[in-house]
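Single-structure report; data block below.
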Amino acid sequence: MEKSDKEKYSIGGKEERAKMTVKLAGVCLLCVVAIYLFHIAGAEDPYRFFNWNVTYGDIYPLGVRQTGILINGQFPGPDIHSVTNDNLIINVFNSLDEPFLLSWNGIQQRRNSFEDGVFGTTCPIPPGKNFTYILQVKDQIGSFYYFPSLAFHKAAGGFGGIRILSRPRIPVPFPDPAGDYTVLIGDWYKSNHTTLKDHLDKGKKLPFPDGVLINGRGPNGVSFNVEQGKSYRLRISNVGLQHSLNFRIQNHKMKLVEVEGTHTLQTTYSSLDVHVGQSYSVLVTADQPSQDYYIVVSTRFTNKVITTTGILRYSNSAGPVSGPPPGGPTIQIDWSLNQARSIRTNLTASGPRPNPQGSYHYGMINTTRTIILGSSAGQVNGKQRYAINSVSYVAPDTPLKLADYFKISGVFRPGSISDRPTGGAIYLDTSVLQTDYRAFIEIVFQNNENIVQSYHLDGYSFFVVGMDGGQWTTASRNQYNLRDAVSRCTTQVYPMSWTAIYVALDNVGMWNLRSEFWARQYLGQQLYVRVYTTSTSLRDEFPVPKNAILCGRASGRHTRPL
């Protein structure tokens, strides 16, 4: 007998048993945190409080039972709604039987990489314990998401949308939509996350995924309701493990308005490539005859194309979807490259502040350093590994940021990775790239592999100034966009190609730069960027949080007094 949605996504009695524990653990701590934050952040920025219980539960996204990671019984997890400069106080109770962390893709954690939620910055939440994240979405707007960063938890869920709205006084370059929907898309496996992790731990590559999900559901499992003549905002994030996806809506156009916190030129597209880890906002107007229409998501650059569908449902619909789902691009690289180049910043629109986005003239600033990062794949000790500049990252026993803060030696070496590809064999190390606070640098991602890659940098937005085929050279700078390149935090690199970015290193801390192909980052295709200053001023960086969990060689140390 087919299970109801309620039965499929229930988490049983374990959630009920944990609820009281979560409340008791959270209420007192949240009160203390609120008092503390009132003093450090000022009373003018609002606070939003969240109590989350993380549990296992049975889910059936592709019709078979598997173990998912749920937040407050939900898969995907609840959305975070916020406004620029809000303080987000998120108490996370770990009801799993293993350590757990959440990270906040695109949230810049200004002066506060301790809260970033990756193992290089934050100690895991032990089973049966809680931790309260203290985040401020300082000077940010836009569409992002959160996800579990440890082990291979991301393959089980635990992700959800984040939206940061503009403050009421700040103009937005389009009318308020009639509705605002989070659309989380991604490839998916029927195997449990523990099975996939075991596969990687044995030195093997992951198989091809089994399907594609929209908001945690399989084919025709999700619908979005619209009214004739009205426009709606769709916040699309690719939260999958590996594959670029193409998003389209039958007989409807999409107007791109925002990319990872930047208002864009409002270009209209019939379909949109969303590479893994990326987020886009589009406006869709319900301007077609009243019926149901297919929403289609399909894999890109794969020999076998996996497709899934959802429904755009008009409120006065005269009938169900009709005809085949519309086709989209499959393996065409040039099509995707040209679309990527067409995504540009709206220079006259306001961002999180009233001044126009174009008032920062990044193209007139001289870069002080060029870093070229090249990926590679190979075997180390008979097992599959991935690397950047020949270094395959291995995590130490202590978060890098805590080791840096407490001056614990032997955990990492600043500058333990070269500025350039070495061409040598892959080797294991804890790779930390040393950089200077307030430097303005150029990073080139060189992809000599025959796959589309995707890179993300925590703590920052960067300007995607150029991308093209072949090897990057200094002459490649002649084709850079130095006027209205889009500023974002995740960028694709096409096969046998390069992508160049400019970054203003204005956020002190330890920041993860990683492949968004989750098996690749798990097996070493990541590093940390140490943005360093000798200053100890609170204007440059906050000290370790009072409630920080201390682990590894930082155990027994003392956080600062409240």
For [X], all residues meeting side chain to side chain contact (heavy atoms under 4.5 Å, CB included), sequence neighbours excluded:
X	value
R369	I371, D419, L433, T435, I441
R344	L265, N481, D484
T474	W472, R477
P414	F412, Q434, R530

Of all pairs that satisfy salt bridge (Lys or Arg N to Asp or Glu O under 4.0 Å), the ones with a partner from [range], not counting sequence neighbours:
range	result
residues 373-392	none
residues 485-499	E260-R488
residues 187-203	K197-D201, D198-K202
residues 450-464	D458-R514

D273: which residues meet the salt bridge (charged side-chain N to carboxylate O under 4.0 Å, His left out) condition with it, sequence neighbours left out?
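Salt bridge (charged side-chain N to carboxylate O under 4.0 Å, His left out) list for D273, sorted by chain: R300.
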
Using the test salt bridge (charged side-chain N to carboxylate O under 4.0 Å, His left out), find all partners of R520 that sit at least two apart in sequence or belong to another chain.
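Salt bridge (charged side-chain N to carboxylate O under 4.0 Å, His left out) check on R520 returns E449.
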
Could you walk me through whether W188 and F208 pass the ring-ring contact (aromatic ring centres under 6.0 Å, His included) check?
CA-CA 9 Å; W188 191 259; F208 197 69; over 10 Å; no

Is there any side chain to side chain donor-acceptor pair (under 3.5 Å) pair reaching into residues 120-129, and which pairs are they, with sequence neighbours excluded?
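Qualifying pairs, neighbours excluded: none.
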
Have N112 and R110 got a donor and an acceptor in their side chains that come within less than 3.5 Å?
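The criterion, which ignores hydrogens and geometry beyond distance, is not satisfied for R110 and N112.
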
When you check the side-chain N and O atoms of Y437 and D540, is any donor under 3.5 Å from an acceptor?
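Yes, a side-chain donor-acceptor pair sits under 3.5 Å.
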
Once you round to the nearest 0.5 Å, how far does OH of Y362 lie from OH of Y502?
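Output value for this atom pair is 8.5 Å.
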
Exercise answer: donor-acceptor pairs, residues 301-308 side-chain atoms, under 3.5 Å, sequence neighbours excluded:
| residue | atom | partner | partner atom | Å |
| --- | --- | --- | --- | --- |
| T302 | OG1 | T299 | OG1 | 3.0 |
| T302 | OG1 | K304 | O | 2.7 |
| T308 | OG1 | V212 | O | 3.4 |

